[in-house]
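Residue numbers count from 1 along this sequence. Heavy atoms only: backbone and side chains are in, while hydrogens, waters and symmetry mates are out. In this text the structure is predicted, and so the values were computed from the model without any measurement.
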Amino acid sequence: MNNEIYEVYAVKYATRNAQRRDHFVGGDPHEAPMPMDYYVWLIRNAARTIVVDTGFTREVGEARKRTFLRTPAAGLKLLNVDAAQVKDVIITHMHYDHVGTFHDFPQAQFHLQDEEMAFATGRQMRHARFRHSIEVENVVGMVRLVFGDRVSFYRGDAELAPGVSLHHIGGHTPGLQCVRVMTERGWLVLASDATHYYEHFETDRCFVTVFNVGDALEGYDKLRRLASSPQHIIPGHDPLVMQRYPAASAALDGIAVRLDVDPVK
Ligand SMILES: [Zn+2]
């Protein structure tokens, strides 16, 4: 058993309808639907179970008119993971759709970039443009976790466990981090919102919600450097992920896919 190689899954917990023009800075000339999926990710082997992001609650999802499918904890349960027992949760950034169910992980240590907490608690939250994607109750909740010594902070890149590392990207938010994982097929990169869709990094365009366009574009190069190939980069919100990778099991078709095996198309 090699404890530096992991299985990796994407678990879909929500979705919404949207148009192509909604997703690119400067719009898009094509009038066509471009739905958005919402995921959390699971990294595991015999020695470790690590969850990446915690999605949003049904209440927040409905208030924001998302189609809520299941709680992230319920999705993880389908993969035989008990959220209440999980010891490590990586928070890629503080947006509502990535940190919202932290309370379902009562044993977990949360792994977060310094810069992201500074962003979510600092002067930029005076601006509606930036606080729109952040729920104040999530921020207050994470601050309480800091006081309980349940948040580990990072400044830049760091190894979390053998074969699992965190990499600061910024751009979409100042402290956004992605996760690199060693798998049977090589280095996989869970980009989270460093690239919402494949198309963003493939065509060097930016998602509309962005703090620093230059850092977001530079981030695509970093994703490519970290991953064994562009096929090893997993976007944060692309429905194509569910099509390109095999279902975790027949029963989980449309709910969870396996990312550590080669894409099926
Ligand atoms: Zn997101």
**OP:** Determine, using the 4.5 Å side-chain heavy-atom cutoff (strictly less than), whether Ile5 and Trp41 are members of one ILVMFWY cluster.
**Re:** no
Subject >> Partners passing salt bridge (charged side-chain N to carboxylate O under 4.0 Å, His left out) against Asp262 (at least two apart in sequence or in another chain) >> reply: none
Original post:
Going through the distances and angles, do Ile134 and Gln124 end up as a side chain to side chain contact (heavy atoms under 4.5 Å, CB included)?
Top reply: CA-CA 11 Å; Ile134 293 187; Gln124 299 299 347; over 6 Å; no
**OP:** May I ask you to test the Tyr154-His111 pair for a side-chain heavy-atom distance under 4.5 Å?
**Re:** yes
**OP:** Could you list the residues that satisfy side-chain contact (heavy atoms from CB on, under 4.5 Å) with Glu4, not counting sequence neighbours?
**Re:** Asn2, Pro162
Original post:
Can you tell if the side chain of Val179 reaches within under 4.5 Å of the side chain of His167, non-hydrogen atoms only?
Top reply: no
Original post:
Okay, side chain of Arg44, backbone of Thr49: is any donor-acceptor separation there less than 3.5 Å?
Top reply: no
Original post:
How close do Leu176 and His172 get, heavy atom to heavy atom, and via which atoms?
Top reply: CD2-CB, 4.0 Å
Subject >> pair Asp260-Val181: side-chain heavy atoms closer than 4.5 Å >> reply: no
Subject >> Pairs satisfying ring pair (Phe, Tyr, Trp, His ring centres under 6.0 Å), at least one member in residues 123-151, at least two apart >> reply: Phe130-Phe211
Subject >> Qualifying residue for side-chain contact (heavy atoms from CB on, under 4.5 Å) with Ile233, from Trp187, Phe201, Tyr220 >> reply: Phe201
Original post:
To the nearest 0.5 Å, what is the distance between SG (Cys178) and CD1 (Ile234)?
Top reply: 12.0 Å
Subject >> Nearest heavy-atom neighbours spanning Ala161 and Tyr6 >> reply: CB-OH, 3.9 Å
**OP:** Following the transitive rule for hydrophobic clusters with a side-chain heavy-atom cut-off under 4.5 Å over Ile, Leu, Val, Met, Phe, Trp and Tyr, establish whether Leu160 and Val99 coincide in one cluster.
**Re:** no
Original post:
Tell me, do Arg16 and Lys65 make a side-chain contact under 4.5 Å, heavy atoms counted?
Top reply: no
Original post:
Just wondering, do Gln177 and Ile90 contact through their side chains at under 4.5 Å, heavy atoms?
Top reply: yes
Original post:
Under the ring pair (Phe, Tyr, Trp, His ring centres under 6.0 Å) rule, what pairs show up with a residue in residues 7-26, not counting sequence neighbours?
Top reply: Tyr13-Phe56, His23-Tyr197, His23-Phe207, Phe24-His200
Original post:
Which residue pairs satisfy the salt bridge (Lys or Arg N to Asp or Glu O under 4.0 Å) criterion with at least one member in residues 173-195, sequence neighbours excluded?
Top reply: none
**OP:** Treating Ile, Leu, Val, Met, Phe, Trp and Tyr as nodes and any side-chain heavy-atom pair under 4.5 angstrom as an edge, say whether Phe119 and Val143 lie in one connected cluster.
**Re:** yes
Subject >> Whether Glu116 side chain and Met94 backbone form a donor-acceptor pair below 3.5 Å >> reply: yes
**OP:** Kindly work out whether a path of hydrophobic side-chain contacts (I/L/V/M/F/W/Y, heavy atoms less than 4.5 Å apart) joins Val261 to Met242.
**Re:** no
**OP:** Applying ring-ring contact (aromatic ring centres under 6.0 Å, His included), name anything that partners Tyr198, two or more places apart in sequence or on another chain.
**Re:** none
Original post:
Which atom pair, heavy atoms only, marks the closest approach of Ala73 to Ala83?
Top reply: CB-CB, 3.8 Å
Original post:
Just by modelled atom types, is the Gln19 backbone N or O under 3.5 Å from a matching donor or acceptor in the Asp22 side chain?
Top reply: yes
Subject >> Stepwise side chain to side chain contact (heavy atoms under 4.5 Å, CB included) check, Asp37 with Asp238 >> reply: CA-CA 6 Å; Asp37 281 351; Asp238 200 329; over 6 Å; no
Original post:
Is the backbone N or O of His168 less than 3.5 Å from a side-chain atom of Lys222, with the two atoms forming a donor-acceptor pair by type?
Top reply: yes
**OP:** Locate the shortest heavy-atom distance separating Val51 from Asp53; write the atom from each residue and the value.
**Re:** CG1-O, 3.4 Å
Original post:
Which residue pairs pass the ring pair (Phe, Tyr, Trp, His ring centres under 6.0 Å) test with at least one member in residues 233-252, sequence neighbours excluded?
Top reply: Tyr38-His237, His98-His237, His196-His237
Report, one line per pair, each donor and acceptor closer than 3.5 Å where one atom sits in a side chain of residues 101-108; sequence neighbours left out.
unit_1	atom_1	unit_2	atom_2	d
Thr101	OG1	Thr54	O	2.6
His103	NE2	Gly100	O	3.3

Original post:
If you count the non-hydrogen atoms of other residues, nucleotides and ligands that lie under 6.0 Å from CG in Asn17, is the total more than 12?
Top reply: no
Original post:
Glu137 versus Val60: any side-chain heavy-atom pair under 4.5 Å?
Top reply: no
Original post:
Distance from Ser249 atom OG to Leu78 atom CG, nearest 0.5 Å?
Top reply: 8.5 Å
Original post:
Can you check side chain to side chain contact (heavy atoms under 4.5 Å, CB included) on Tyr39 and Val11, steps first, answer last?
Top reply: CA-CA 5 Å; Tyr39 303 101; Val11 180; over 6 Å; no
Original post:
Are side-chain heavy atoms of Ile43 and Leu190 found at a separation under 4.5 Å?
Top reply: yes
Original post:
Which heavy atom in Thr173 sits nearest to a heavy atom in His93, and how many Å separate them?
Top reply: OG1-CB, 3.5 Å
Subject >> Test side-chain hydrogen bond (donor to acceptor under 3.5 Å, both in side chains) applied to His232 - qualifying residues, sequence neighbours left out >> reply: Ser229
Subject >> Value rounded to 0.5 Å, distance of CG in Leu217 from CZ in Arg205 >> reply: 11.5 Å
Original post:
Can Glu62 and Arg58 be counted as an ion pair, charged N to O under 4.0 angstrom?
Top reply: yes
Original post:
Just by distance, do the side chain of Gln109 and the backbone of Val89 share a donor-acceptor pair under 3.5 Å?
Top reply: no
**OP:** Flag yes if Val52 and Val8 sit in one hydrophobic cluster, no otherwise; membership is Ile, Leu, Val, Met, Phe, Trp, Tyr, and two members link when side-chain heavy atoms are under 4.5 Å apart.
**Re:** yes
Subject >> Rounded distance [0.5 Å steps], CG in Leu112 versus CG in Leu145 >> reply: 10.5 Å
**OP:** State which residues pass salt bridge (charged side-chain N to carboxylate O under 4.0 Å, His left out) with Arg64; sequence neighbours excluded, sorted by chain then number.
**Re:** Glu135
**OP:** Any chance you could measure Met34, atom CE, to Arg21, atom CZ, to the nearest 0.5 Å?
**Re:** 13.0 Å
Subject >> Asn45 (side chain) donor-acceptor with Ala47 (main chain) under 3.5 angstrom >> reply: yes
Subject >> Over 12 foreign heavy atoms within 6.0 Å of CZ, Arg224 >> reply: yes
**OP:** Would you name the heavy atoms of Ile255 and Ala251 that are closest together and state the gap between them?
**Re:** CD1-O, 4.4 Å
Original post:
Does some side-chain heavy atom of Val241 sit less than 4.5 Å from a side-chain heavy atom of Leu259?
Top reply: yes
Original post:
Do Leu252 and Leu79 pass the side chain to side chain contact (heavy atoms under 4.5 Å, CB included) test, and can you show the C-alpha distance, the side-chain angles, and the key distance before you say yes or no?
Top reply: CA-CA 9 Å; Leu252 293 182; Leu79 291 165; 3.6 Å; yes
Original post:
Between atom CG of Asp97 and atom OG1 of Thr57, what is the distance when rounded to the nearest 0.5 Å?
Top reply: 11.5 Å
Original post:
Does any pair with a residue in residues 72-86 pass side-chain hydrogen bond (donor to acceptor under 3.5 Å, both in side chains), and if so which ones, sequence neighbours excluded?
Top reply: none
**OP:** Name all residues meeting the salt bridge (charged side-chain N to carboxylate O under 4.0 Å, His left out) criterion together with Arg20; count only those two or more places apart in sequence or in a different chain, and write none if there are none.
**Re:** Asp28, Glu199
